[in-house]
Structure formats: C-alpha cells, structure tokens
Amino acid sequence: MNLGAGLHSQLQPREVYFYQDYNEMTNSYSLTNENLRFTKSVHLVAGYQYQPLNTFRIKLETYFQHLYNVPVKESFPEFSLINSGDFFANPCRRQSDK
C-alpha cells in the first residue's frame, strides 16, 4: 500500500502581475492583478498493489487534486491561467500587443 500528499504553490508569469487595464471613462490605466497571490494545490494519492503470480501484478491507484487561488479573467470566466500550461507563448498577451 502507498500513500502520498503534497501542497504546491506556483508563481504566475511576470506579465500577469504587471497587466494594465485601460479605463476609457477615466482615460487611465490600472494594475488589475497587483494583489494576486500564488496559485495553490493540494494533492493526495493512495494505492494498492497485489501480485498473485510472478508474471502478473494488479495495481490500483486513486488521485485527488484541489486547486485554489487560481487566476480567472473576470470578463471571460471560462478562461483561466490553469488552462494555459501547454502554450509556448504568453496567453495573456493580446494579439494587438504582439
């Protein structure tokens, strides 16, 4: 039998913390993410292994993950930085900024 647990924190890309949003009514920019904290996760795993024969093994394992403090874009809540890990470019940068 095996058990494991972990608590992990992740810093977001630097551009996320310095992102500025333009307000047309006040004609000014503001830092929208200056109070952004680390993204955190808790991981738990439990497993069992049974080997009835030398050439045959059964292994069962279950995994639990709880994510919190995950940045989510307010105007587009279906998008989160948690979903951007497979990009090789910065997903926060607008097409017009490139």
Side-chain angles (χ1 to χ4, degrees):
M1 185 165 177
N2 64 307
L3 296 171
L7 175 62
H8 304 275
S9 299
Q10 179 183 18
L11 189 65
Q12 297 303 320
R14 184 177 47 237
E15 295 86 5
V16 173
Y17 295 94
F18 295 105
Y19 178 77
Q20 294 183 4
D21 194 23
Y22 179 69
N23 186 332
E24 292 180 13
M25 298 196 59
T26 62
N27 194 27
S28 64
Y29 289 91
S30 62
L31 291 172
T32 57
N33 297 329
E34 56 187 349
N35 295 324
L36 193 63
R37 301 187 324 217
F38 286 102
T39 300
K40 296 192 177 189
S41 63
V42 175
H43 302 263
L44 302 172
V45 64
Y48 179 76
Q49 181 174 295
Y50 174 67
Q51 188 170 358
L53 304 169
N54 284 341
T55 59
F56 184 73
R57 176 179 19 193
I58 298 171
K59 187 171 186 179
L60 301 171
E61 198 167 78
T62 186
Y63 180 78
F64 172 79
Q65 179 182 45
H66 173 67
L67 303 168
Y68 59 102
N69 289 351
V70 177
V72 177
K73 187 170 180 150
E74 288 180 6
S75 61
F76 187 45
E78 295 81 15
F79 175 78
S80 169
L81 283 176
I82 202 82
N83 300 327
S84 66
D86 60 347
F87 294 109
F88 292 102
N90 182 356
C92 299
R93 186 174 292 157
R94 296 181 200 148
Q95 292 296 326
S96 61
D97 293 345
K98 291 183 180 179

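When reading the values below, keep in mind they use all heavy atoms of this one structure, side chains included, and skip hydrogens, waters and symmetry mates.
Side chain of Y17 to backbone of Q12: a donor-acceptor contact under 3.5 angstrom is found. N69 places no side-chain N or O within 3.5 Å of a backbone atom of K40 that could act as its donor or acceptor partner.
Both F18 and F38 sit in one connected hydrophobic cluster of ILVMFWY residues. Membership requires side-chain heavy atoms under 4.5 Å apart, directly or through other members. Neither L11 nor Y68 shares a network with the other; the hydrophobic side chains, linked directly or stepwise wherever heavy atoms of I, L, V, M, F, W or Y lie under 4.5 Å apart, form separate groups for each. Hydrophobic clustering (ILVMFWY, side-chain heavy atoms < 4.5 Å, transitive): I58 and Y48 are in one cluster.
Distance check, rounded to the nearest 0.5 Å: CD of E24 to OG1 of T26 gives 9.5 Å. Atom-to-atom distance recorded for N33:CG and Q20:CD is 11.0 Å, nearest 0.5 angstrom.
With sequence neighbours left out, F64 forms a side-chain contact (heavy atoms from CB on, under 4.5 Å) with L44, H66.
Put simply, the side chain of Q49 does not reach to within 4.5 Å of the side chain of N2, judged on heavy atoms. For the pair P71/L36, a side-chain contact is recorded, criterion being any heavy-atom separation below 4.5 Å from C-beta on. Within the 4.5 Å cutoff, the side chain of Y50 has no heavy atoms near those of the L60 side chain.
Counting all heavy atoms, side chain and backbone alike, L53 lies closest to Q51 at O-CG, 2.9 Å. Smallest separation of non-hydrogen atoms from T32 and D21: CG2-CB, 3.4 Å.
Between Y22 and Y29, the ring planes lie tilted relative to each other; the angle falls in the 30° to 60° range.
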